[in-house]
Structures are given as structure tokens and as C-alpha cells.
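The structure appears below as C-alpha cells.
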Amino acid sequence: MYIYDSVQKIKREFIPLEKDKVSLYVCGPTVYDDAHLGHAKSALVFDLLVRVLSANGYDVTYARNITDIDDKIIKKAKEQNKDIKEITDFYTSSFHKEMAQLGVAKPDIEPKATENLEAMIELIQTLIDKGHAYPTSEGDVYFDTHSDSEYLSLSKRVQDEDDKQERVESSSLKKNQTDFALWKSVKEEYNGLPVSSDKDGFKPSSVIYDSPFGKGRPGWHLECSAMIEKHLAKQNSEFAIDIHGGGADLLFPHHENEAAQTRCGTNHALANYWMHNGFVNINNQKMSKSLGNSFFLKDALKEYDGEVLRFYLLSTHYRSNFNFTKEDLATSKKRLDKIYRLKKRLFGMTCSNDTTHFMDELLKALSDDMNVSSALALVDEMISKANETLDSADKHKQLKKDTLANLAYIETILGFGVKNPFEYFQFGIDADTKTKIDDLIVQRDEAKKEKNFEASDKLRDEILAFGVSIMDTPQGTFWEKSNI
RNA sequence: GGUGCCAUCGCCAAGUGGUAAGGCCGCAGCCUGCAAAGCUGCUAUCCCCAGUUCAAAUCUGGGUGGCACCUCCA
């Protein structure tokens with residue numbers, strides 16, 4: 001297995017901290033709004049990584065967090081006059097549903113900020129004790145970036161003494177421009193929001209928490225360091241975990257800060273390998289609210305089968321920037337269709353347990369920093385060969401068995417072709433229409449039997465009018481929803 | 001302004017020193033009552049210039065053109 005390490009900027013052979021085991025932590029969503037295609041891309045990339053690692057025989061422990069303490073959540077709660085928990089529960093739930101539609105497996109651990117307050121407070125205290133953090137007179141606690149000689153080693157940035165890039169008014173109480181908040185004290189703007197009580201523990205519905213540093217809430221970067229240490233970290237090890245992943249934008253400052261916190265607050269570095277997935281743009285523009293081109297997953301899923309989106313978003317290398325267009329998505333659907341057509345062709349037949357050359361090659365391609373393009377080229381070649389042989393030798397039992405085994409392997413490792421092929425091709429057609437189409441097909445078959453082609457062609461036109469295409473096969477007549 | 005990434009057929013996209021994968025689209029053919037699906041065949045010397053090398057899309061330097069991060073962000 002080879003992984004491109006985005007900190008060392010080279011492809012490295014993957015060697016786990018502990019034999020046959022992998023610990024993976026990925027930065028998940030902040031649950032204050034619907035997930036967009038970018039969230040989908042990140043979740044899909046690391047879902048694929050887990051599958052490939054598992055196929056290589058590793059026992060993977062995968063954690064992806066839910067950020068449920070955040071300024072944006074507070075803002076939304078105030079705007080909509082709702083309880084914080086109502087907001088976070090709603091978006092956490094929709095995130096889960098949408099991920100399931102994309103075929104993204106649940107992570108083994110899904111830690112939430114609200115459930116790990118103690119671990120975060122403990123880490124802050126340690127950082128203060130070790131001289132890496134300091135409280136201010138306003139009750140905030142900052143990480144002292146100048147106390148960490150390795151700060152900026154992750155993003156390879158140069159400390160800019162002139163602060164030329166400063167665009168946001170910073171608190172004058174910070175010692176250094178790059179210092180970031182570990183604890184944010186309660187400010188005016190959050191008055192009126194509920195406060196948790198020590199006695200009941202930390203109430204998730206609250207947004208303001210008690211701490212030795214005063215009432216407030218943890219800074220964003222802190223949760224990942226604290227939760228990794230609590231849920232995943234290997235002690236007495238040079239690194240807390242094997243792999244840390246997330247979107248390309250998180251490298252700085254988020255991951256830089258996480259790394260600093262862990263480095264200074266524990267006895268090891270954060271991660272041995274860092275992986276960052278590229279961005280999703282829409283028609284060559286970055287998705288953003290100001291441009292009004294955010295493409296929410298829930299909207300995409302109304303129009304397309306989740307698996308088509310999965311195929312499309314995974315079809316190019318995870319590190320490249322991804323430009324979403326409907327045309328390319330339609331192309332991806334055609335490619336996925338081919339998998340399902342072959343599956344349909346072999347429907348109901350028995351599968352072998354053999355390991356094929358194809359499987360070895362596929363795993364090899366994916367084990368090379370997840371080279372999906374090469375993997376898909378192998379898939380297309382396998383499909384073509386299988387179809388070719390089936391065209392000339394339909395009785396080839398071993399080929400059928402092996403082909404089914406190959407398709408099953410594609411399902412497991414890539415998550416493509418997992419549905420019933422007949423249902424897949426009828427996505428978006430309601431039951432009523434299905435019945436009508438089936439009736440017309442019966443009528444057409446009768447007309448065909450009588451060689452009344454004029455009538456059968458007329459019936460076909462009626463069927464096509466539903467936006468479907470039909471195909472006559474030795475097994476009978478089938479229909480599919482037409483591609484647009 | 002700082003840092004970094006990218007530039008391969010009409011479109012999408014692998015390949016990072018040994019002579020250009022794959023898909024979509026298109027054209028021709030096989031199959032089919034006709035279709036659809038499937039199959040076969042055909043389609044690029046890799047943004048420009050210079051250099052290193054027996055050999056470069058792949059390395060170096062210089063251009064040109066995109067993009068990202070530096071502020072919340074997957």
C-alpha cells in the first residue's frame with residue numbers, strides 16, 4: 001500500500017504503527033447546514049481508503065468526528081430561535097442518511113465535541129501547565145504558537161512577522177498573530193443561551209460550558225486533538241495515529257494547529273501520514289454561498305441515484321480538484337450502467353469463491369495511493385472481455401462464475417454495483433408508471449409473437465414516451481430509464 | 001504580497017525517464033424483424049521555448065495560462 005503524504009509531499013509506502021492495524025481519523029462535518037458535494041467527496045474518499053486498507057488485510061479503526069460546538073451553529077440557533085441540539089441533531093441525522101445513500105459505511109467511532117468536553121479541558125490544562133498556552137484577562141485561553149519550535153512544520157509556511165496577510169481584527173490580548181483560541185470565554189453576543197451545569201455533567205443542549213478557565217466553549221481545533229488522544233491514540237508511540245485525513249483546505253490552519261496541540265500536549269506527534277482530498281467545484285467555480293452555487297447533497301440525490309454520485313465523485317483521483325458538471329455525471333452513469341448490465345446479464349447465476357487475476361490487479365491499482373482511474377480502466381476491460389466471451393460462448397459456466405466473483409469484488413472494494421440491477425435501472429420511475437410499462441411490454445411481446453411489427457413498434461413508441469428504453473433479450477424484454 | 005498545485009485526444013482522465021491506459025462522444029461494421037444492449041475496428045506525441053540524457057509527457061531552467069490556501073470552510 002502506498003499513500004501520498006501531503007505533509008512530506010511524497011508517495012510513501014504505508015507501514016502501520018502496529019502490525020496489521022490502522023488507526024484513521026478524518027475531520028467530519030460541522031453540523032449547522034446541509035451537506036454539500038464537498039462533504040460527500042471527502043466522506044467517499046476515506047470510505048474508499050478504509051475499504052482498500054481492509055482488502056489489504058489491515059484491521060482498520062476509523063474515526064470521523066461530528067463538530068457540534070461552533071460559532072456557525074450558535075448563529076443558526078439564534079437566527080432560527082431553536083435549541084442548539086435541535087440544530088445539530090437535525091443536520092447530523094440528515095448527514096447520516098445522505099452518506100448511507102452514497103454507500104459510505106459508518107465509521108467505527110464518531111466522536112462529538114459535546115461528548116468530549118472533559119478531554120478537551122484536560123488538554124488545555126496540560127498545555128497551560130507546560131507553558132504552551134496562556135489565559136487572558138478576558139477569560140480566553142490561547143495556544144502560544146511561539147512556544148512550539150515546530151509550529152508551521154506541517155504546512156511549511158513561513159512565519160510572517162509583518163503580518164501583511166492580517167485581514168481580520170485580532171484580539172490585542174493575543175501574544176502572537178498566529179496564536180489561536182483553545183477556549184473562548186462567553187461574550188456578549190451569546191448571552192441568553194443556556195449554560196450547562198457541573199452537577200449534571202455537560203448538557204449537550206447547552207452552548208456555554210463551565211471550566212477551570214471560566215464559562216465558555218472550546219476552540220474548533222482542539223476537539224480533534226483531544227478526541228484522537230482519547231479514542232484512538234497509541235501510547236508510547238512516536239505518532240498518535242497512522243493516518244489523519246480531511247479536505248485540502250484543512251491543512252492550514254486546522255491541521256497545523258491540531259498537530260501543534262498534540263505535539264505540545266502529549267508525548268507524541270499527531271499522525272504518521274496526512275491525506276488531503278481535493279476540492280469540488282461547480283462549473284469551474286468554487287462552491288460558496290455568496291455565489292449561490294452550493295450544490296447540496298439532498299438536491300443531487302433527488303435527481304440522481306446515490307450510487308451514480310458515488311461513482312462520479314470517486315471517478316477521478318482524490319487529490320485532484322474536481323469540477324462537477326452534469327455532463328460528466330451523465331458519462332459516469334453510463335459507465336456504472338455497464339457494470340449493472342453485466343450484472344443483469346448474469347442475474348441469478350452462482351458465484352465462485354476463486355481469486356481472479358482481475359482482483360489482484362484491481363487491488364494493486366487501488367493500493368497505489370488509490371488510483372481509481374487505473375482501477376476503473378481494469379473494470380471496463382474486465383466487463384468488455386466478459387461480454388465478448390458471453391457473446392460467443394454463452395455456456396461458459398466458469399467464466400460466468402468468475403465474472404460474478406469479480407463483480408462482487410467491485411462491490412466490496414469500490415462499492416459499485418451493490419443494488420439489484422433491475423431496480424437500479426428504474427430509478428425515479430414510480431410504481432404506477434412501472435405497471436403501465438409492464439402492461440405495454442406484455443402487449444408488445446404478443447404482437448411480436450404474431451409478427452405484427454407495425455403494432456409492436458407502435459407499442460414501443462408508447463413505452464419510449466415514458467422516458468425509458470427497452471431491450472429484447474433471450475431472457476425476455478427489459479426496460480431501463482433512459483439517460484438524459 | 002506570501003506559499004503551493006496544475007496544464008495529456010472534441011470532453012472526462014491515468015501514466016512521472018524507455019517510446020501515450022480507460023471512459024464518453026463520433027464514424028464504419030457484426031448482431032437484431034427494426035431497435036436497444038453487447039461486440040469489433042478507427043481517432044493524440046502530451047501548453048510554449050531552451051537544456052540534461054542513448055532515451056523525456058515524465059528531470060532542470062525560463063515563459064504563458066488556470067487554480068488553491070494564507071479568513072469560517074470538505
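Fair warning: this is a prediction, and the values are worked out from it, not measured in the lab. Numbers restart at 1 for each chain; the letters A, B, ... are given by sequence-line order, proteins then strands.
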Point-to-point distance, once rounded to the nearest 0.5 Å, from CZ of A:Phe46 to NZ of A:Lys41: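 Answer for the CZ-NZ pair, A:Phe46 versus A:Lys41, is 10.5 Å.
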Is [X] touching bases, backbone alone, or none of the nucleic acid, heavy atoms closer than 4.0 Å?
X: A:Ser384; value: sugar-phosphate
X: A:Ser42; value: sugar-phosphate
X: A:Arg335; value: base
X: A:Lys41; value: nothing
X: A:Ile470; value: base
X: A:Glu480; value: nothing
X: A:His276; value: nothing
X: A:Val379; value: nothing
X: A:Gly38; value: base
X: A:Phe478; value: nothing

Nearest of B:rA74, B:rA14, B:rC24 to any side-chain atom of A:Ser374? B:rA14
What is the base-pairing partner of [N], counting Watson-Crick and G-U wobble geometry with both distances under 3.5 Å?
N: B:rA57; result: none
N: B:rG41; result: B:rC27
N: B:rG4; result: B:rC67

Regarding A:Asp108 and A:Thr61, is there a side-chain donor-to-acceptor distance under 3.5 Å anywhere? no
Gap between atoms NZ and C1', on A:Lys72 and B:rU71 respectively (whole Å): 11 Å
Short N/O separations, protein against nucleotides 42-44 of chain B, under 3.5 angstrom:
none

Does a side-chain N or O from [X] land closer than 4.0 Å to OP1 or OP2 of [N], or not?
X: A:Asn371; N: B:rG15; value: yes
X: A:Trp220; N: B:rC73; value: yes
X: A:Lys334; N: B:rC25; value: yes

For [Y], is there an ion pair with [X] - N to carboxylate O distance below 4.0 angstrom?
X: A:Lys298; Y: A:Glu98; value: no
X: A:Asp70; Y: A:Arg217; value: no
X: A:Lys344; Y: A:Glu480; value: yes

A:Phe95 and A:His39 aromatic ring geometry - parallel, tilted or perpendicular at 30°/60° bounds: perpendicular
Is the A:Tyr340 to A:Phe416 ring centre distance short of 6.0 Å? no
A:His255/A:His221 under ring pair (Phe, Tyr, Trp, His ring centres under 6.0 Å): CA gap, chis, key distance, verdict: CA-CA 8 Å; A:His255 289 163; A:His221 310 299; 9.4 Å; no
Please produce a list of atom pairs where a protein N or O lies less than 3.5 Å from an N or O of nucleotides 27-33 of chain B.
from: B:rG33; atom 1: N1; to: A:Asp457; atom 2: OD1; distance (Å): 3.0
from: B:rG33; atom 1: N2; to: A:Asp457; atom 2: OD1; distance (Å): 3.4
from: B:rG33; atom 1: N2; to: A:Asp457; atom 2: OD2; distance (Å): 2.6

Please identify which of these residues, A:Phe279, A:Phe295, A:Tyr312, meets the ring pair (Phe, Tyr, Trp, His ring centres under 6.0 Å) condition with A:Phe322.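 That would be A:Tyr312.
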